[in-house]
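Following this message is one structure expressed as structure tokens.
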Amino acid sequence: MAAVIALALPLAACSGGVGAVDEASTSSASGKYVEASSGEVHLYTWSDYFPDSLAKKFKEDTGISLSIDYFDSNETLQGKLQATGGAGYDVVVPSDYMVQMLADEHLLLNFDATSLPNFKNIETSFRKPYYDKKNAYSVPYMYGTTGFAYDSSKIDAADAPTSWKDFFNPPSSAGPIQLLADQTDVINAALRSIGAEPCTSDPSELQAVQDLLTSFKSKVGVISSDNIVDRLSAGEEAMGMIWNGDAHRVKENLSSMVYVYPEEGLTRFEDNLVIPSGAKNVDQAKTFINWMLEPEHMAEASNYTGFNSGITGVDELLSDSMKNDPAIVPPSDYDKAEVVQTCSNDVVNKYTKIWESFKS
Ligand code: SPD
């Protein structure tokens with residue numbers, strides 16, 4: 001699993017972003033850890049990202065019920081928390097850059113994750129990431145990469161795509177392309193395909209991406225982050241943008257599926273467990289997060305989702321199929337996985353404009 005761990009290192013090494021703990025959002029809830037033994041936790045997470053078996057086990061172990069709603073992108077989560085002022089859920093699962101954005105908007109509770117008894121189980125390289133330098137708001141859930149996959153039984157070897165450039169100019173044998181409903185992942189991939197960097201504010205690069213997406217639109221089948229595993233496994237789409245854990249699950253059903261590490265590079269993301277500022281069941285939320293930091297619980301989530309996690313002891317508990325899948329363990333000579341950065345608000349607004357115009 002050395003390659004998986006190596007892929008994780010740049011995140012912790014990365015600097016910049018949220019440094020200061022937001023004292024204004026510190027509440028009494030940020031104090032001592034109190035283990036709850038009844039009540040409920042409302043979890044809001046990515047679709048298909050938490051096994052029912054684990055929710056059941058959590059209730060049996062702690063007496064706390066877990067109810068789950070699903071979102072399809074960080075921006076959907078952000079919109080929901082903005083609309084409710086951080087209320088409605090007790091635990092939510094933003095990615096790296098979105099932890100920083102939500103914290104900056106005072107939508108997260110500073111609960112001092114280092115005070116959790118199981119904080120010690122977080123691998124050192126996953127502590128104090130650039131988007132939460134004091135672990136005031138977050139602990140890691142799953143991490144992975146955003147690449148694309150294609151069915152090698154449908155696309156000739158001569159046409160096999162190897163780059164984002166190929167992805168956005170697909171061979172006709174690929175048929176309608178699956179695209180994630182994720183403006184950050186799609187625009188970052190499009191920027192890489194034209195040789196530009198994520199978060200660029202260069203108007204000509206952003207215009208080139210807008211033009212590329214406009215020409216790509218007629219080749220897109222479904223724009224969705226939901227049910228990808230089912231659709232690709234069933235052969236409904238032969239090529240699609242996909243997160244590596246989902247690709248692993250597709251490969252379990254369809255061995256001809258290939259996960260591509262694009263020549264230009266790809267995004268390495270990290271999703272996190274955080275507590276919104278308006279959460280009602282804070283002790284229960286902290287009990288849930290602490291419980292998830294047990295290696296066997298996180299490993300159950302990993303083996304279900306297909307993604308790895310930065311918790312000590314999880315690697316040993318991963319299924320052999322995960323340990324041996326290049327979608328999970330990247331080729332040792334691939335060094336182009338880049339941690340997502342938090343773009344400036346101005347650039348985020350430009351991304352949103354490009355995305356809305358692409359979808360309209
Ligand atoms: N099946 C759900 C996978 C969720 C992955 N989160 C991706 C975050 C990308 N920025």
Side-chain angles (χ1 to χ4, degrees), residues 43-52 68-81 92-95 97-98 141-142 144-151 154-155 161 164 166-170 174-193 209-210 212-254 257-260 262 266-267 269 271 304-307 327 340 348 351-360:
L43 171 67
Y44 191 36
T45 188
W46 302 80
S47 48
D48 213 10
Y49 212 31
F50 196 90
D52 291 344
I68 310 181
D69 285 340
Y70 300 98
F71 59 80
D72 62 358
S73 71
N74 282 299
E75 287 68 28
T76 302
L77 164 63
Q78 181 185 34
K80 180 74 126 190
L81 294 183
V92 302
V93 190
S95 306
Y97 72 96
M98 188 51 71
Y141 184 55
M142 306 281 117
T145 55
T146 309
F148 68 89
Y150 71 93
D151 185 344
K154 294 195 176 148
I155 297 175
W164 286 121
D166 295 341
F167 178 81
F168 288 106
N169 298 283
I177 305 295
Q178 139 72 31
L179 198 61
L180 292 173
D182 192 308
Q183 69 178 54
T184 308
D185 274 336
V186 170
I187 294 173
N188 284 346
L191 283 168
R192 288 189 171 104
S193 84
V209 159
Q210 173 95 67
L212 177 64
L213 290 177
T214 302
S215 69
F216 179 55
K217 194 168 175 175
S218 62
K219 295 162 191 157
V220 175
V222 180
I223 304 178
S224 172
S225 302
D226 299 333
N227 304 318
I228 306 175
V229 175
D230 291 345
R231 282 186 282 109
L232 265 63
S233 299
E236 287 175 32
E237 285 121 18
M239 184 160 141
M241 182 179 283
I242 193 166
W243 295 303
N244 68 326
D246 291 335
H248 169 73
R249 294 173 68 187
V250 175
K251 290 176 71 183
E252 294 281 276
N253 302 324
L254 190 63
M257 199 53 83
V258 177
Y259 182 70
V260 177
L266 51 53
T267 286
F269 68 82
D271 294 336
Y304 172 79
T305 60
F307 294 95
V340 186
V348 171
Y351 272 38
T352 304
K353 258 187 162 166
I354 293 172
W355 182 243
E356 293 306 329
S357 136
F358 167 66
K359 286 196 306 173
S360 65

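Everything quoted here is computed from the prediction, not taken from an experiment.
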> Of all heavy-atom pairs between I242 and I228, which one has the smallest distance, and what is that distance?
Replying inline: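 Closest approach of I242 to I228: CD1-CG2, 3.7 Å.
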Which pairs of donor and acceptor atoms, one on a side chain in residues 353-360, lie under 3.5 Å apart (sequence neighbours left out)?
from	atom 1	to	atom 2	distance (Å)
S357	OG	Q210	NE2	2.7
S360	OG	S357	O	2.9

>> Testing the basics here: between P161 and I155, what is the closest heavy-atom pair and its distance to 0.1 Å?
In response: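 Scanning both residues, the minimum pair turns out to be CD-CG2, 4.3 Å.
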> According to the interplanar angle, ranging from 0 to 90°, do the rings of F167 and F216 count as parallel (below 30°), tilted (30 to 60°) or perpendicular (above 60°)?
Replying inline: tilted
> Given the side-chain rings of Y44 and F50, with only the six-membered ring counted for Trp, is the space between their centroids under 6.0 Å?
Replying inline: no
>> For a quick test of reading the model, state the closest non-hydrogen atom pair linking L232 to E237 and the distance between them.
In response: CD1-OE1, 3.4 Å
> Atom CD1 of I177 and atom CE of M239: how far apart are they, to the nearest 0.5 Å?
Replying inline: 4.5 Å
> Given the rule in the side chain to side chain donor-acceptor pair (under 3.5 Å) test, do N253 and S233 qualify, once you have shown the distances and angles that lead to the verdict?
Replying inline: CA-CA 6 Å; N253 302 324; S233 299; 2.9 Å; yes
>> Once side-chain hydrogen bond (donor to acceptor under 3.5 Å, both in side chains) is applied, do any residues pair with Y97, and if so which ones, sequence neighbours excluded?
In response: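 In terms of side-chain hydrogen bond (donor to acceptor under 3.5 Å, both in side chains), with neighbours along the sequence ignored, Y97 is linked to N74, E75, T184.
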> Would you say L213 and V186 make side-chain contact, with heavy atoms under 4.5 Å?
Replying inline: yes
>> Nearest 0.5 Å, please: how far is CD1 in I223 from CG in D72?
In response: 11.5 Å
>> Looking at every non-hydrogen atom in both residues, tell me the closest pair between Q178 and S224 and how far apart they are.
In response: NE2-O, 2.9 Å
> If you measure from OG1 on T45 to CG on D271, what distance do you get to the nearest 0.5 Å?
Replying inline: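 Answer for the OG1-CG pair, T45 versus D271, is 7.5 Å.
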> When the ring centroid of W46 is compared with that of F71, is the distance short of 6.0 Å?
Replying inline: yes
> Of all residues at least two apart in sequence or in a different chain, which pass the side-chain hydrogen bond (donor to acceptor under 3.5 Å, both in side chains) check with D69?
Replying inline: Y89
> Given the rule in the side chain to side chain contact (heavy atoms under 4.5 Å, CB included) test, do L77 and V93 qualify, once you have shown the distances and angles that lead to the verdict?
Replying inline: CA-CA 8 Å; L77 164 63; V93 190; over 6 Å; no
> Closest approach of Y351 and N188, non-hydrogen atoms and distance?
Replying inline: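 What the structure gives for the nearest pair is OH-OD1, 2.6 Å.
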> ring-ring contact (aromatic ring centres under 6.0 Å, His included) with F307: which of Y141, Y49, W243?
Replying inline: Y49
>> Could you measure the distance from the CZ atom of R231 to the CG atom of D246? Nearest 0.5 Å is fine.
In response: 10.5 Å
> Roughly how far, to the nearest 0.5 Å, is OG1 of T352 from CD1 of I187?
Replying inline: 7.5 Å
>> Can you list everything that forms a side-chain hydrogen bond (donor to acceptor under 3.5 Å, both in side chains) with T267? Sequence neighbours excluded, please.
In response: R192
> What is the distance from atom NE2 of H248 to atom OH of Y259, rounded to the nearest 0.5 Å?
Replying inline: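 If we round to the nearest 0.5 Å, H248:NE2 and Y259:OH are 13.0 Å apart.
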>> Is it the case that the side chains of S225 and D182 hold a donor-acceptor pair, with the cut-off being a distance below 3.5 Å and no angle test?
In response: no
>> Suppose we screen for salt bridge (Lys or Arg N to Asp or Glu O under 4.0 Å). Which residues come up paired with D48, at least two apart in sequence or across chains?
In response: R249
>> Does the plane of the ring in W164 sit parallel, tilted or perpendicular to the ring in F148? Use 30° and 60° as the thresholds.
In response: tilted
> Looking at L266 and G147, what are the two nearest heavy atoms and their distance?
Replying inline: CD2-CA, 4.0 Å
> For T305, what residues pass the side-chain hydrogen bond (donor to acceptor under 3.5 Å, both in side chains) criterion, not counting sequence neighbours?
Replying inline: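 Not a single residue meets the side-chain hydrogen bond (donor to acceptor under 3.5 Å, both in side chains) criterion with T305.
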> Distance only, no hydrogens: is a donor on one side chain within 3.5 Å (strictly under) of an acceptor on the other, for Q183 and S73?
Replying inline: no
